[in-house]
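One structure is given below, encoded as C-alpha cells.
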Amino acid sequence: MIREVEYKGKIIKYNLEHKKVKNINLRIKPDMSVSVSANKRVSLKYIDEFVLKKADFILNAFKTFEDSSKVAIKPNYSEQEFYEYIDSKFDEVYEIFKAYNINKPILKFKKMKSRWGSCNYVKSIITLNTNLIYCTKEQIEYVIIHEYSHLIIHNHSKEFYEVVEKFCKDYKRIRKEMNKIYLG
C-alpha cells in the first residue's frame, strides 16, 4: 500500500508492506523509492510517525543517491577465484574465532538484495551474498568477520561492534563504502 507523509513542505511517499516482523523496517533504494515493513498490529498513524522521525535520514539518502554517479560495476574476480578466496578467508577467520569456543559454521551462498550476509546462530549457518564478487577482499573479509561476530553476540549492540572492531579496526569506513554499492 502506498502512503505519504509531509515533512517541511516535501511529500515522502513510501510503500508499506505488512509482514510478520518485530520491528518497523525502512529501506531506501537508489531509485528513490522508500519501503517500510511492519507488523499488521502496528497502527498506520504510528508507522507514519516513524517515517516522519526518519525524514531527515530519508532526504539525505535521496541527496546521496542524486549526487552519486552510478557506473556499471563488474566482478573483481572469476567465479573460481571468488569462491576459493572466500573458502580460504572463511577458514582463516574461523581460526581466530575458535577462541570463543564456537563450532565452525556451515557456509552457504545466496543472492540477496538488501544485505551482504546473514547468520543463523541457532543452526550455525553463515550465508554470504554472491554479489560480494563485486567487492574488494577487504570488504569481503569485513562481512565474514561481521557474520562470525553474530555467533558470539546475536544483535547489533555496542558489544557486537566491539567484537567486530577487535578483528576489523576500520570496519566503519568499509561499511560506509559498501553502503554505496547498490545490490539491486
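In this chain, residues are counted from 1 in sequence order.
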Taking it one step at a time, do Leu151 and Cys119 satisfy side chain to side chain contact (heavy atoms under 4.5 Å, CB included)? CA-CA 7 Å; Leu151 294 171; Cys119 176; 3.6 Å; yes

Do any N or O atoms from the side chain of [X] and from the backbone of [Y] form a donor-acceptor pair under 3.5 angstrom?
{"X": "Ser149", "Y": "Ile145", "result": "yes"}
{"X": "Asn23", "Y": "Asn25", "result": "no"}
{"X": "Tyr148", "Y": "Phe90", "result": "yes"}

Taking salt bridge (charged side-chain N to carboxylate O under 4.0 Å, His left out) as the test, write out the residues that go with Glu138, two or more places apart. Arg173

Across all chains, not counting sequence neighbours, the salt bridge (charged side-chain N to carboxylate O under 4.0 Å, His left out) partners of Glu95 are Lys98

Closest heavy-atom contact between [X] and [Y]?
{"X": "Ala38", "Y": "Ile24", "answer": "CB-CG1, 4.0 Å"}
{"X": "Gly117", "Y": "Met112", "answer": "CA-CE, 3.9 Å"}
{"X": "Val34", "Y": "Lys13", "answer": "CB-O, 3.6 Å"}
{"X": "Phe82", "Y": "Leu132", "answer": "CE1-C, 3.4 Å"}
{"X": "Lys111", "Y": "Asn131", "answer": "NZ-OD1, 3.8 Å"}
{"X": "Tyr94", "Y": "Asn103", "answer": "CE1-C, 3.7 Å"}

State yes or no: are the ring centers of Tyr83 and Tyr77 separated by less than 6.0 Å? no

With a 6.0 Å cut-off on ring centres, are His154 and Phe160 close enough? no

Return the set of residues passing side-chain contact (heavy atoms from CB on, under 4.5 Å) with Glu6 (not counting sequence neighbours), or none when no residue passes.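 With neighbours one apart ignored, the set is Ile11.
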
Only counting residues at least two apart or in another chain, list the ones meeting side-chain contact (heavy atoms from CB on, under 4.5 Å) with Leu59.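 With neighbours one apart ignored, the set is Tyr7, Lys10, Ile12, Phe62.
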
Which of parallel (below 30°), tilted (30 to 60°) and perpendicular (above 60°) describes His150 and His156? perpendicular

Pair His146, Tyr171 - check side chain to side chain contact (heavy atoms under 4.5 Å, CB included), show working. CA-CA 9 Å; His146 180 106; Tyr171 82 90; over 6 Å; no

Quick one, [X] and [Y] - any side-chain contact, counting heavy atoms below 4.5 Å?
{"X": "Glu17", "Y": "Ser35", "value": "no"}
{"X": "Ile28", "Y": "Phe57", "value": "yes"}
{"X": "His18", "Y": "Met1", "value": "yes"}
{"X": "Asp56", "Y": "Lys8", "value": "yes"}

When rounded to the nearest 0.5 angstrom, what is the spacing between [atom1] in [X] and [atom2] in [Y]?
{"X": "Asp87", "Y": "Leu107", "atom1": "CG", "atom2": "CG", "value": "6.0 Å"}
{"X": "Ile153", "Y": "Glu162", "atom1": "CD1", "atom2": "CD", "value": "8.5 Å"}
{"X": "Phe50", "Y": "Leu44", "atom1": "CZ", "atom2": "CG", "value": "14.5 Å"}
{"X": "Leu26", "Y": "Ile47", "atom1": "CG", "atom2": "CD1", "value": "11.5 Å"}
{"X": "Ser37", "Y": "Lys20", "atom1": "OG", "atom2": "NZ", "value": "14.5 Å"}
{"X": "Ile174", "Y": "Glu141", "atom1": "CD1", "atom2": "CD", "value": "8.0 Å"}

One pair to check against side chain to side chain donor-acceptor pair (under 3.5 Å): Ser157 and Glu159. What are the steps and the verdict? CA-CA 5 Å; Ser157 63; Glu159 292 79 16; 3.2 Å; yes

Intermediate values then yes/no, side chain to side chain contact (heavy atoms under 4.5 Å, CB included), Glu147 and Trp116: CA-CA 9 Å; Glu147 299 310 331; Trp116 292 108; 5.9 Å; no

Joint cluster assignment, Val36 & Val21, ILVMFWY side-chain distance < 4.5 Å: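 Each belongs to a different hydrophobic cluster.
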
Honestly curious: do Val51 and Ile2 fall in one hydrophobic cluster under the side-chain, below-4.5 Å linking rule?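 In one cluster: no.
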
Could you walk me through whether Asp91 and Lys104 pass the side chain to side chain contact (heavy atoms under 4.5 Å, CB included) test, one step at a time? CA-CA 9 Å; Asp91 291 344; Lys104 185 173 182 186; 2.3 Å; yes

Please collect all side chain to side chain donor-acceptor pair (under 3.5 Å) contacts where either partner lies in residues 39-52, sequence neighbours excluded, each pair once.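 Passing the test, one end in residues 39-52: Arg3-Asp48, Tyr14-Asp48.
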
For Ile106, what are the other residues in its hydrophobic cluster, where any two members join if their side-chain heavy atoms are less than 4.5 angstrom apart? Ile125

